[in-house]
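Encoded as structure tokens, the structure appears first; notes follow it.
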Amino acid sequence: MSRFMNRKYDALKPYVPGEIPQDTGFIKLNTNESPYAPSEGVLNCFTRENAALLRLYEDPTNRALNQAIAGYYKVQPENIMATGGSDETIELAMMAFAQDGIAYPDETYGFYQVFTNLHQIPTTIIPLREDFSLNPDDYSNTGTAIIFANPNAPTGLYLDRSQVRKILESNPDHVVIVDEAYVDFGNESMIPLIKEYDNLLVIQTFSKSRNLAGARIGFAAGNAELIQDLEKLRNSRNPYDVTRMSQLAGIAAIQDAAYYRSCCERIIITREWTRRALRELGFHGTDSHSNFLFEAHATIPGDVIQAKLKEHKILVRYFNRERIKDYNRITIGTEEDMKQLVSVLKEICNENS
Ligand SMILES: *Cc1c(COP(=O)(O)O)cnc(C)c1O
């Protein structure tokens with residue numbers, strides 16, 4: 001740290017992303033990206049003509065993109081705010097609505113803690129149950145804002161609408177932020193509930209189920225007043241957060257919804273195939289409703305599995321945290337990726353038995 005750095009950041013611990021390898025040849029199952037390309041409509045956005053327009057600022061209100069998202073989810077454009085990735089949406093929501101602090105589970109998306117540190121927001125950490133499921137009763141009347149990922153990461157466990165309603169209804173004076181990064185892998189979104197609950201804010205991303213991690217597009221859905229509050233902060237920070245190319249790509253992705261649904265269906269089928277194959281190798285894990293599995297082996301430690309897989313050019317995500325140190329989070333890739341994973345794991349199990 002230089003002698004010029006503001007001392008208030010002394011204790012800040014930045015987010016540690018999954019490894020992005022410099023050399024090629026890795027099967028990358030460590031950051032929950034899609035193994036499939038963006039849709040044809042998205043690819044067709046990247047023309048010379050559109051690139052030439054990069055000399056101009058784009059529409060800072062993201063009007064066309066917000067309209068497209070609103071149309072798809074059958075809400076009004078004033079219920080939607082697109083952003084430059086959902087991490088940005090999460091940060092804005094915490095800045096806006098966590099005046100009394102914020103509660104979230106002990107095992108969840110790492111950025112929540114990074115943002116609460118950055119903005120010095122008091123936090124209440126609520127442990128998940130022994131089996132990593134979230135008990136809605138633990139969130140009744142918290143006296144703070146709440147954020148949880150649904151399905152959660154890295155566990156993949158999902159709360160249904162009645163359980164989310166319970167949390168919303170027992171915290172009427174605080175915003176409940178539902179991070180739906182993985183909702184499209186076989187689950188129901190809570191977006192329709194924004195018409196019933198003025199304290200519900202749903203956050204989604206185009207990074208996982210819409211194959212656009214590199215485009216940085218996320219959005220918030222909520223009642224018009226919540227969205228106006230978020231816009232106030234967004235426009236005080238970076239009104240040009242969704243680039244011109246990303247606006248076009250985002251709109252095209254919404255139009256090509258059928259293609260993305262088919263990618264998600266394929267990933268779900270591959271997930272279930274992989275889960276069964278891992279069971280036969282002595283793994284156990286959560287009932288993941290996401291595009292990843294969260295798996296531990298009966299005898300081989302989690303960090304050993306990660307290291308051995310890396311020797312075989314397969315990257316998975318290991319979290320060195322006490323409660324989940326036996327587990328690896330394994331993104332679902334193509335069928336071929338997962339066949340390779342299973343065959344390498346078979347070798348590793350044989351060596352270690
Ligand atoms: C990947 C992920 C995000 C981040 O999405 P971006 O739009 O790429 O910033 C947010 N929340 C959770 C739970 C995630 O896993």
Side-chain angles (χ1 to χ4, degrees), residues 14-20 28-35 38 42 62 65 69 80-95 102 104-116 118 128 132 134 146-159 164 176-185 187 189-191 201-221 230 234 237-238 241-243 245-247 249-250 253-254 260 264 267 271 286 288-294 316-317 319 324 327-332:
Y15 181 71
V16 183
E19 181 181 352
I20 314 265
K28 212 173 160 298
L29 308 178
N30 66 337
T31 48
N32 296 343
E33 293 142 322
S34 175
V42 169
N62 296 312
L65 177 56
I69 297 170
I80 299 293
M81 180 185 78
T83 58
S86 71
D87 290 335
E88 182 187 15
T89 328
I90 294 164
E91 183 180 21
L92 292 170
M94 285 193 183
M95 290 167 70
I102 194 162
Y104 52 83
D106 57 343
E107 290 302 341
T108 190
Y109 185 44
F111 240 127
Y112 302 159
Q113 190 177 7
V114 175
F115 287 141
T116 55
L118 176 60
L128 297 170
F132 298 121
L134 186 156
I146 293 168
I147 185 167
F148 58 91
N150 195 36
N152 195 12
T155 63
L157 296 178
Y158 172 75
L159 290 186
V164 174
V176 176
I177 305 163
V178 183
D179 178 353
E180 294 192 332
Y182 302 104
V183 75
D184 294 327
F185 300 99
N187 313 286
S189 173
M190 302 301 149
I191 291 178
L201 189 78
V202 179
I203 292 178
Q204 285 199 12
T205 175
F206 282 50
S207 296
K208 314 283 166 51
S209 60
R210 293 185 175 95
N211 311 5
L212 281 172
R216 315 302 308 128
I217 308 167
F219 68 90
L230 291 172
R234 192 179 73 86
R237 234 166 123 264
N238 184 13
D241 52 350
V242 186
T243 68
M245 283 307 204
S246 292
Q247 289 181 351
I254 291 289
Y260 292 103
C264 290
I267 287 169
R271 176 184 77 202
T286 57
S288 174
H289 284 238
S290 185
N291 67 338
F292 55 79
L293 292 171
F294 190 56
V316 297
R317 192 79 201 265
F319 298 94
I324 57 173
Y327 289 79
N328 276 286
R329 192 195 68 192
I330 305 169
T331 306
I332 303 302

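Counting starts at 1 for both ligands and their atoms, following the listed order.
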Ligand 1 polar-atom proximity to protein (N/O, under 3.5 Å):
unit_1, atom_1, unit_2, atom_2, d
ligand 1, 5 (O), Ser86, OG, 3.0
ligand 1, 7 (O), Ser86, N, 2.6
ligand 1, 7 (O), Ser86, OG, 3.1
ligand 1, 7 (O), Thr205, OG1, 2.5
ligand 1, 7 (O), Ser207, OG, 3.3
ligand 1, 8 (O), Ser207, OG, 2.6
ligand 1, 8 (O), Arg216, NH1, 2.7
ligand 1, 8 (O), Arg216, NH2, 3.4
ligand 1, 9 (O), Ser86, N, 3.3
ligand 1, 9 (O), Asp87, N, 3.0
ligand 1, 9 (O), Asp87, OD1, 3.4
ligand 1, 9 (O), Asp87, OD2, 3.0
ligand 1, 9 (O), Arg216, NH2, 2.8
ligand 1, 11 (N), Asp179, OD1, 3.4
ligand 1, 11 (N), Asp179, OD2, 2.7
ligand 1, 15 (O), Tyr182, OH, 2.5
ligand 1, 15 (O), Lys208, NZ, 3.0

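Using a distance-only test at 3.5 Å, with no hydrogens or angles considered, no donor-acceptor pair links the side chain of Glu180 to the main chain of Val202.
Under the 4.5 Å side-chain criterion, counting only non-hydrogen atoms from C-beta, Ile177 is in contact with Ile203. Looking only at side-chain heavy atoms (C-beta outward), Ser288 and Phe294 stay at 4.5 Å or farther from each other.
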Exercise for review: Could you please spell out the steps behind the side chain to side chain contact (heavy atoms under 4.5 Å, CB included) verdict for Leu92 and Arg237?
Suggested key: CA-CA 10 Å; Leu92 292 170; Arg237 234 166 123 264; 3.9 Å; yes
Exercise for review: Could you check Tyr109 against Tyr104 for ring-ring contact (aromatic ring centres under 6.0 Å, His included), going step by step and ending with a plain yes or no?
Suggested key: CA-CA 10 Å; Tyr109 185 44; Tyr104 52 83; over 10 Å; no
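Contact between Arg329 and Thr31 at its shortest, heavy atoms only, is NH2-CA, 3.7 Å.
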